[in-house]
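Notes to accompany the following structure.
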Amino acid sequence: MKHIHAISRMVAPPRAQVSLVETIILYLIAIFFNTWDNFPTVIQNLQKYYAKTP
């Protein structure tokens, strides 16, 4: 019986910057969905996600 080994990968540090493409996506979302009640929370969480994702 084979033993299961842990899968390891290099952890990249967060970028803390948003690329041009990500900025365009955020602006498009803002244009179409800014009238929603929970829009400020959603856009803030997306910005945090894009800043943390390598």
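Computed from heavy atoms alone, side chains included, the values below leave out hydrogens, waters and symmetry copies. For the single chain, residues carry numbers from 1 onward in sequence order. Every value quoted in this text rests on a predicted model; they were computed, and no experiment measured them.
Y27 pairs by the side chain to side chain contact (heavy atoms under 4.5 Å, CB included) definition with T23, not counting sequence neighbours. Residues meeting the side chain to side chain contact (heavy atoms under 4.5 Å, CB included) test with I29, sequence neighbours left out: I25, F33, F39, I43, L46. When the side chain to side chain contact (heavy atoms under 4.5 Å, CB included) test is applied to L28, the partners found at least two apart in sequence or on another chain are I24, F32.
Smallest separation of non-hydrogen atoms from N34 and A30: CB-O, 3.0 Å.
Going from atom CD1 of I31 over to atom CG of L26 covers 11.5 Å, rounded to the nearest 0.5 Å.
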